[in-house]
Asks: 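One structure, as structure tokens, below. Some questions next.
Residues take their numbers from the sequence shown, with the count starting at 1. Atoms within a ligand are numbered from 1 in the order they appear, just like the ligands themselves. Worth knowing before you read on, the calculation uses all heavy atoms, side chains too, and leaves out hydrogens, waters and symmetry mates.
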Amino acid sequence: MPPYSSLSHLDCPRCHEQHDAHVRQGVCRRCGSPLLARYDLAGVRTSPGDLVGRRNDLWRYHELLPVSAPEHVVSLGEGMTPLLEMPRLAADLGLDTLLVKDDGMLPTGSFKSRGAAVGVSRARELGATRLAMPTNGNAGAAWSAYAARAGLELLVAMPVDAPSITRVETVATGGDLRLVDGLISDAGRMVATAVADDAEDWFDVATLKEPYRIEGKKTMGFEIAEQLGWRMPDVIVYPTGGGVGVIGIHKALTELVELGWVEGPLPRLVCVQSTGCAPIVQAYEAGARESEPWPGARTVAFGINVPKALGDFLVLDAVYATGGTAVAVRDDDLLADVRRTGELEGLFLCPEGAATVTATRLLRDRDWIAADDEVVLLNTGAGLIYPQTVPVDAPTVSRDGTLTLPRPH
Ligand SMILES: *Cc1c(COP(=O)(O)O)cnc(C)c1O
């Protein structure tokens, strides 16, 4: 029997120190960089045809995931979200083909469930019982759900102004929630202190502080390639906060090329941020390898409100290596694109997802994207979990038929 997972070791992308993948690991002991999982790709005998008939979720790619046995998989049915054609939105943007990968369909309402499914499964497999994390909301909601399903404890530190629905999700699934007066970076310091002070066995699962969340998120890349018939689009546009999605998609597509399941070149990867928090864009424009902390970070697209990402150098590497770019969009414009996309296509995007529409419009206007480029946008969450993005101006009809117009706001 070929192994369920072909995981071989963990590798530091900065100092290239190798680490044992069979015990729990955080960041690189030597240089503090996030670690990346490496697989024995040459030993993988599976071909794309073998996937036909497998379970229709992200675990269909189990050879390329870190969990060593099917009985260690913790699942709520995540993965294989629709890759939807957007003909009217495409015409509106001046494109022939536009596709949206709708991760708003995932359990807990955002693509964070991909990382949580794989991260929680692997943490439990390696013997963790108590997890702790800072979050801008969606990750806390997702990890709380999967921790509950796995029977693990979870401490969640979330900024007080994170979307309130994600607090509800966290509490509803039994997460131990702390509201932090500050940004995700402040929540991160709170968790790191709690983990360091506590003699008991806490495992810090903050973004990129453990190596397996990214393995879950990379399945977006596998699915895009499989859903296109094992080929790659020209451009992938991604709303970037901690950067795990971009790093993950880049890693996934690189692995597929190495396996010979798809042929290069890789798509140009586009990082989208808000003008209210754009450290990666600033670094890209300066041609830098790392970002500087963004002061006073603020945007309605809360999932991308990350002033300084631990994996910023990996995000920038992915952008440079694929001939991609990074752009910032205004909150007003992305909110307008929530409405426009809903009206044109019936798809209610999350603000982060709408930011990719705005960015595509901008890059099309600059001719950075050509009319015949095949473009894939990532909608990373459900519009439903951000109800405040669309004001409702409906008139009220009383029983006798009198119409009352809404008060202007
Ligand atoms: C977390 C999040 C992002 C940012 O994802 P990263 O992979 O951390 O860059 C984008 N959109 C939503 C809805 C999120 O929750």
Side-chain angles (χ1 to χ4, degrees), residues 34 81 100-116 118-119 133-145 156 158-159 162-163 165-166 169-170 183-185 187-188 205-209 213-221 236-252 269-274 277-281 291 294 297 299-316 318-319 326 329 334 338 348-359 377-386 389:
T81 54
V100 171
K101 176 89 175 140
D102 187 17
D103 266 11
M105 299 282 285
L106 288 170
T108 77
S110 84
F111 85 115
K112 292 294 196 296
S113 54
R114 292 181 186 271
V118 174
M133 71 187 318
T135 172
N136 267 339
N138 286 330
W143 281 71
S144 183
V156 175
M158 193 185 287
I165 190 88
T166 60
E169 288 185 273
T170 303
L183 296 178
I184 187 167
S185 35
V205 294
T207 306
L208 290 171
K209 283 203 178 164
R213 183 199 291 217
I214 179 178
E215 295 303 294
K217 290 197 175 179
K218 82 178 179 186
T219 59
M220 285 184 283
I236 295 180
V237 188
Y238 189 87
T240 305
V244 191
V246 175
I247 304 166
I249 291 172
H250 185 236
K251 185 172 189 286
L269 297 178
V270 178
C271 279
V272 182
Q273 300 197 297
S274 158
C277 179
I280 301 282
V281 178
S291 65
W294 189 271
T299 165
V300 292
F302 219 77
I304 56 174
N305 201 31
V306 180
K308 164 81 183 169
L310 194 61
D312 54 356
F313 66 104
L314 295 171
V315 175
L316 288 158
V319 169
V329 300
L334 70 89
V338 169
F348 185 10
L349 299 171
C350 65
E352 296 84 353
T356 67
V357 175
T358 312
L377 312 184
L378 268 299
N379 182 42
T380 42
L384 289 177
I385 61 176
Y386 300 82
T389 53

Asks: Can you name the nearest heavy-atom pair linking C277 to P279, along with the distance?
Replies: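 Scanning both residues completely, I find the closest heavy atoms to be C-CD, 3.3 Å.
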Asks: Please state which protein non-hydrogen atom is closest to atom 5 (O) of ligand 1 and give its distance, to 0.1 Å?
Replies: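 It is F111 CZ, 3.4 Å.
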Asks: Identify, by atom number and element, the atoms of ligand 1 in contact range of V244, meaning under 4.0 Å from any of its heavy atoms.
Replies: 6 (P), 7 (O), 8 (O), 9 (O)
Asks: Quick one: nearest non-hydrogen protein atom to atom 4 (C) of ligand 1, plus distance?
Replies: G303 O, 3.4 Å
Asks: With no hydrogens and no angle check, just 3.5 Å: does a side-chain donor-acceptor pair link D103 and T81?
Replies: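 T81 and D103 do have a side-chain donor-acceptor pair below 3.5 Å.
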Asks: Give a yes or no answer on whether the side chain of N136 reaches the backbone of F302 with a donor-acceptor pair at less than 3.5 Å.
Replies: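 Indeed, once roles are kept as given, a pair shorter than 3.5 Å links the two residues.
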Asks: If you have a sec, work out which protein heavy atom is nearest atom 12 (C) of ligand 1 and how many Å separate them, to one decimal?
Replies: T380 OG1, 3.3 Å
Asks: Going by the atom numbers of ligand 1, which of them fall below 4.0 Å from some non-hydrogen atom of N138?
Replies: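 Heavy-atom distances to N138 below 4.0 Å select 13 (C), 14 (C), 15 (O).
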Asks: With side-chain contact (heavy atoms from CB on, under 4.5 Å) as the test, pick out the partner of L269 among V237, I236, I247.
Replies: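 In the set V237, I236, I247, the residue that makes a side-chain contact (heavy atoms from CB on, under 4.5 Å) with L269 is I236.
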Asks: Could you say whether the N/O atoms of G242 and ligand 1 ever approach to under 3.5 Å?
Replies: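 Right, the criterion is met.
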Asks: State whether the side chain of T240 and the backbone N or O of Y238 hold a donor-acceptor pair below 3.5 Å, judged by distance alone.
Replies: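 Yes, the answer is positive, given that a donor and an acceptor are paired below the 3.5 Å cut-off.
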Asks: Taking N or O atoms only and a 3.5 Å limit, does T240 qualify as a polar contact for ligand 1?
Replies: no
Asks: Could you say whether the N/O atoms of G381 and ligand 1 ever approach to under 3.5 Å?
Replies: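 Such a contact does not occur with ligand 1.
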Asks: Looking only at N/O atoms, are E352 and ligand 1 under 3.5 Å apart anywhere?
Replies: no
Asks: Tell me if a side-chain donor or acceptor on S110 pairs with a main-chain N or O of L106 at a distance below 3.5 Å.
Replies: no
Asks: Quick check: does any side chain N or O of S144 sit under 3.5 Å from a backbone N or O of A141, one acting as donor and the other as acceptor?
Replies: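 Not confirmed, S144 side chain does not pair with A141 backbone.
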Asks: Quick one: which of S110, G245, C350 has a heavy atom closest to atom 7 (O) of ligand 1?
Replies: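 Looking at heavy atoms only, G245 sits closest to atom 7 (O) of ligand 1.
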Asks: Under 4.0 Å from any heavy atom of G241, which atoms of ligand 1 are there?
Replies: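 Taking each heavy atom of G241 in turn, ligand 1 has 4 (C), 6 (P), 9 (O) under 4.0 Å.
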Asks: Looking only at N/O atoms, are Y386 and ligand 1 under 3.5 Å apart anywhere?
Replies: no
Asks: I'd like to know if the side chain of D312 and the backbone of S291 have a donor-acceptor N/O pair within less than 3.5 Å.
Replies: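 Between the backbone of S291 and the side chain of D312 there is a qualifying donor-acceptor contact (under 3.5 Å).
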Asks: Pull out every atom of ligand 1 sitting under 4.0 Å from any heavy atom of K217, numbered as shown with elements.
Replies: 7 (O), 8 (O)
Asks: How far is atom 6 (P) of ligand 1 from its nearest protein heavy atom, and which residue and atom name does that atom have?
Replies: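 Checking every protein heavy atom, the shortest distance to atom 6 (P) of ligand 1 gives G243 N, 3.5 Å.
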Asks: With a 3.5 Å distance limit and no angle check, can you tell me whether N305 reaches the backbone of G241 through a side-chain donor-acceptor pair?
Replies: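 Here the side-chain-to-backbone pair does not exist.
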Asks: Just jot down the ligand 1 atoms closer than 4.0 angstrom to any heavy atom of Y238, in number order.
Replies: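 Those of ligand 1 that fall under 4.0 Å from Y238 are 5 (O), 6 (P), 7 (O), 9 (O).
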Asks: May I ask you to decide if V118's main-chain N or O and E215's side chain share a donor-acceptor pair within less than 3.5 Å?
Replies: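 Checking the backbone N and O of V118 against the side chain of E215, no donor-acceptor pair under 3.5 Å is found.
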Asks: Look at atom 2 (C) of ligand 1 and say which protein heavy atom is nearest, naming residue and atom and giving the distance to 0.1 Å.
Replies: K112 NZ, 2.4 Å
Asks: What pair of heavy atoms forms the shortest contact from L378 to P239, and how long is it?
Replies: O-CD, 3.8 Å
Asks: Please state whether F302 comes within less than 4.0 angstrom of ligand 1, counting heavy atoms only.
Replies: no
